[in-house]
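Report on one structure; see the data block that follows.
A, B, ... follow the sequence lines: proteins, then strands. Residue 1 opens every chain.
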Amino acid sequence: MVEPVLRVQGLRKRFGGLAATDDVSLEVRPGELHALIGPNGAGKTTLIGQLTGEITPDAGQVVFCGEDITRLSVAARVKRGLARSFQIVQLLDDDTAEANVALAVQARAGHSFRFWRAAGRDAALLEPARALLEQVGLARHDTRVADLSHGERKLLELAMALAARPILLLLDEPMAGLGAAESLAMTETLRALKGSVAILLIEHDMEAVFALADRITVLVYGRAIATGTAEEIRANPAVQDAYLAEESSP
Amino acid sequence: MRNALPLAVLLAGAIALPWAAEALGQPATIGLATRILCLGIAAASLNLILGHGGMVSFGHALYYGLGAYTVGILWEHFRLGEPIFGVIPGSNELLVTLPIAMLVAGVAAAVIGALSLRTSGVQFIMITLAFAQMGFFLFVGLKAYGGDDGLLVRRRNLVPGLDLRQPDQLYWLCLGFLVAWLFLQWRIVGSRFGRVLEGIRQNERRMAAIGIATYRYKLAGFVIAGMGCGLAGALTANELRFVSPDLMAWQKSGEIMVMVILGGVGTLLGPVVGAAALVGMEYVLGGITENWQFFLGPILLAVVLWAPGGIMGLLGRGARRG
Amino acid sequence: MSALVVEQLLNGLQFGIMLFLLAAGLTLVFGIMGVINLAHGSLFMVGAYAAALVAQASGHWWLGLLAGLAAAAATGMVVEVAVLRRLYARDHLDQVLATFGLILFFNQGITMLFGRQPLLVQLPPGFAGSIEIMPGLPYPSFRLLIIAVGLLVALGLYWLIQHTRIGMLVRAGATHRDMVRALGVDIRALYTVVFGLGALLAGLAGVMAGPVSNVQVGMGEQILILTFVVVVIGGIGSVRGALFGALLVGVTQTLLSGFVPGWLRQVMAGSEADALGAALSSMGVYVLMAVVLLVKPRGLFPAHA
């Protein structure tokens with residue numbers, strides 16, 4: 001058995017009387033594309049928060065590449081190779097797409113306590129940034145983020161996360177709000193990424209999930225009720241009861 | 001640099017100002033201009049954290065006052081011939097007092113920033129104000145250094161080769177420091193560190209998500225800004241030959257903030273333009289009516305409501321907000 | 001407890017009540033509209049001036065009270081409609097600058113109209129004397145009136161917020177701004193009313209402050225900063241927090257300035273001890289606020305849970 005990239009054990013988080021994360025355990029293997037699905041209110045956002053470090057769990061452990069990262073800050077986790085994209089895009093709106101990615105490249109390249117040399121024309125930052133934009137298929141490098149389309153921003157989110165050279169990529173609904181053609185393009189981009197990096201994909205677009213995922217975990221009311229391949233999940237009666245009935249008419 | 005020519009013209013004009021003032025029989029203008037230069041450094045330093053880092057410090061005058069008091073207190077001990085705490089000798093050498101002033105302001109900013117930056121938003125505005133108020137009342141209570149009457153600095157500091165008793169020489173010295181500080185800040189803003197600050201202003205959550213531990217960068221920016229304002233205060237003490245707690249009152253913090261916004265947040269020259277505009281308006285309006293603030297208030301209001309990029313925004317240069 | 005301590009505690013309570021009257025309005029405006037209003041102190045000043053002038057002209061203190069309340073509330077609503085309404089969507093920086101401009105405008109306007117000379121205000125008839133509240137401790141009855149009025153206002157606000165429709169909207173507005181908007185409530189009118197109420201209370205504080213301290217230009221800013229301290233300590237948007245914070249700040253400030261100089265005088269020369277004592281006791285509340293914020297960054301009673 002290979003050491004998993006991410007091992008979540010007995011994670012719990014309560015908000016008042018609500019158990020948003022209720023004893024969740026989960027494993028992501030190297031190179032695997034693991035999808036996390038669940039109806040609205042299943043606690044996906046809370047779980048992601050605990051994986052990225054924005055929310056501290058009440059109990060349980062998050063182990064990344066054999067290291068317990070449960071108490072590490074957001075930035076420290078990114079440094080170890082756990083990068084994420086946001087469902088609601090979080091970008092530097094006043095800057096160009098290229099400048100955004102260049103900053104992410106800079107963050108990976110070591111500390112930024114460098115006060116003198118101009119960063120804006122630094123080839124060591126710009127060239128990797130351009131390469132990443134090409135990799136995700138975003139053509140308008142010099143356009144301000146505020147002027148990009150929603151689909152382009154979603155691509156930029158992906159490029160920002162890839163700039164960290166992650167071992168595990170946490171993608172929070174990369175298809176949300178995309179049109180059919182854009183969704184298809186994003187699916188192809190993710191397919192191309194598959195294998196080179198482990199991916200935990202949170203997504204509502206079932207077509208994409210079943211097309212891409214090696215394994216799927218279903219989250220309902222804060223509990224992970226099932227994990228398995230696409231066929232196993234489709235055939236699982238508990239999943240059908242709890243989830244597919246509701247989700248079949250989105 | 002695209003803007004090299006206008007900048008050169010501007011600088012030449014600034015250098016020539018004392019001669020022009022003499023020629024026009026307005027020598028008092030030199031002192032006024034010197035005050036603008038000092039406040040310009042203070043406002044520019046605030047702009048580094050406010051305009052580029054998104055940190056709205058409402059206590060920036062504290063570092064201004066600390067810089068000024070450093071010069072004043074060193075002078076006082078030099079005059080009396082008594083070392084501070086019986087150890088540190090006083091001084092009237094600018095090359096000694098200025099670095100110490102920046103050091104004092106920087107250390108204060110490091111301590112206050114380390115605590116204040118644990119909060120954000122309104123709480124950050126208020127906690128920086130609270131620390132500045134503590135400093136204000138501390139100096140009001142220090143009778144040994146004049147309390148609320150302030151402290152006279154009978155002679156300006158000495159600099160080898162210059163005679164700061166001549167208003168024009170002090171002016172050129174301050175101009176030199178302003179230009180040096182702006183150049184330094186221009187480099188910082190364009191550097192990797194500056195990019196990080198700018199990123200924090202726009203979206204701190206995003207910065208954490210690309211692996212930036214934002215706190216330490218904000219703190220570093222806060223300390224640099226504090227040191228710059230300490231420098232401004234030290235020069236001001238020399239210009240006024242007087243220091244008092246008013247230099248670190250909350251109104252002064254407000255004024256410095258007004259200069260930044262009036263001139264143009266996040267622009268290189270905006271804070272200096274803002275300082276010139278505010279001091280200039282005070283002078284011009286004050287010459288027409290003693291109730292000049294009655295007109296200044298609505299002018300500030302108009303800037304906020306209709307010219308959010310400040311004067312630089314109106315000039316169509318480097319406007320960002322709007 | 002010695003009479004001195006009781007007297008200082010009562011002074012602290014009275015000062016705290018004054019702060020509460022100002023902080024209640026400020027915290028609501030802060031919490032609901034998200035506006036930093038530096039000009040809140042100007043409404044306090046407007047109330048004090050209107051009351052003093054009308055009382056002088058008419059010879060009736062109570063007529064002055066009405067005038068002060070009306071002037072402050074009216075000024076507040078005009079300011080809200082003319083200026084602040086445009087600032088709700090802006091960032092804190094713009095709000096600080098704009099309301100800083102308002103302060104200059106009001107202070108200078110009052111100076112132009114009435115000069116720099118402080119106005120003296122008589123105590124209202126029936127409240128000019130003292131009441132012996134415990135043996136050997138006469139206490140000015142007007143200060144007791146301030147305490148009583150303040151506590152009544154606190155009760156009234158509690159009732160207003162817990163048991164009326166406006167109160168419900170205020171509570172909802174403080175926590176779920178978008179929700180209230182989505183419900184189709186006329187949020188603009190609600191904002192104007194809330195702002196007017198806050199201005200009314202600030203005016204009330206100004207009227208009450210008149211006989212206790214001087215009515216003069218700049219009186220608003222002296223107390224404004226402390227009011228902000230109260231709001232931040234109490235938790236932005238929380239009236240309960242404002243009351244608690246105001247009493248905490250009022251009592252702390254008064255006790256420190258009452259006793260610290262005396263303690264210092266035992267270890268240093270009189271005049272130096274007084275100056276340093278005054279400074280240290282003024283610093284006290286800011287230290288208090290810094291400590292509160294470091295322990296509970298959102299204040300003691302945060303409204304946005």
**OP:** Supply the atom-to-atom distance C/Leu93 CG to B/Phe58 CZ, rounded to the nearest 0.5 angstrom.
**Re:** 10.5 Å

Subject >> Smallest separation among heavy atoms of B/Thr119 and C/Pro297, with atom names >> reply: CG2-CB, 4.4 Å

Original post:
From C/Arg90 CZ over to B/Leu305 CG, what is the distance, rounded to the nearest 0.5 angstrom?
Top reply: 6.0 Å

Original post:
Which one of C/Ile225, C/Leu276, C/Val287 has the most heavy-atom pairs closer than 4.5 Å to chain B?
Top reply: C/Ile225

**OP:** For the residue pair C/Met283 and B/Gln133, establish whether any side-chain heavy-atom pair is separated by less than 4.5 Å.
**Re:** no

Original post:
At a heavy-atom separation under 4.5 Å, does C/Ala290 approach chain B through its side chain, its backbone, both, or neither?
Top reply: both

Subject >> Check: B/Met257 and C/Leu97 side chains under 4.5 Å, non-hydrogen atoms >> reply: no

Subject >> Of B/Ile261, B/Leu301, B/Val258, the residue whose pairing with C/Phe100 passes side-chain contact (heavy atoms from CB on, under 4.5 Å) >> reply: B/Val258

Original post:
What part of C/Val232 is in contact with chain B, defined as an atom under 4.5 angstrom from a non-hydrogen atom: side chain, backbone, both or neither?
Top reply: side chain

Subject >> Part of B/Ile299 lying under 4.5 Å from any heavy atom of chain C >> reply: neither

**OP:** For B/Arg118 and C/Val295, indicate whether the former's side chain and the latter's backbone hold a donor-acceptor pair under 3.5 Å.
**Re:** no

Original post:
Which atoms form the tightest heavy-atom contact between B/Gly141 and C/Ala279, and what is the distance?
Top reply: CA-CB, 3.4 Å

Subject >> Toward chain B, the part of C/Val96 with a non-hydrogen atom under 4.5 Å >> reply: side chain

**OP:** Compare all side-chain heavy atoms of B/Phe295 with those of C/Phe105 and state whether any distance is below 4.5 angstrom.
**Re:** no

**OP:** Flag yes if more than 12 heavy atoms outside B/Arg216 fall under 6.0 Å of its CZ atom; otherwise flag no.
**Re:** no

**OP:** Give, as side chain, backbone, both or neither, the part of C/Ile36 having an atom under 4.5 angstrom from any heavy atom of chain B.
**Re:** side chain

Subject >> Crowding at CZ, C/Phe244 (>12 non-hydrogen neighbours, <6.0 Å) >> reply: no

Subject >> Any residue of residues 247-255 of chain B which, by heavy atoms, sits under 4.5 Å from chain C >> reply: B/Trp250, B/Gln251, B/Gly254, B/Glu255

Subject >> Proximity breakdown for B/Val122 and chain C, heavy-atom pairs closer than 4.5 Å >> reply: both

Original post:
Which of the residues B/Gly135, B/Ser120, B/Pro298, B/Gly297 is involved in the greatest number of heavy-atom pairs with chain C at under 4.5 angstrom?
Top reply: B/Gly297

Original post:
Shortest non-hydrogen contact from C/Ile236 to B/Gln123?
Top reply: CD1-NE2, 3.7 Å

Original post:
Can you tell me how far CG of C/Leu293 sits from CD1 of B/Ile127, rounded to the nearest 0.5 angstrom?
Top reply: 4.5 Å

Subject >> Proximal component of B/Phe131, with respect to chain C [non-hydrogen, under 4.5 Å] >> reply: side chain

**OP:** Considering only heavy atoms and a distance below 4.5 Å, find which of B/Val56, B/Leu262, B/Leu115, B/Val303 pairs most often with chain C.
**Re:** B/Leu115

Subject >> Part of residues 269-294 of chain B lying next to chain C, heavy-atom separation under 4.5 Å >> reply: B/Glu290, B/Asn291, B/Gln293, B/Phe294

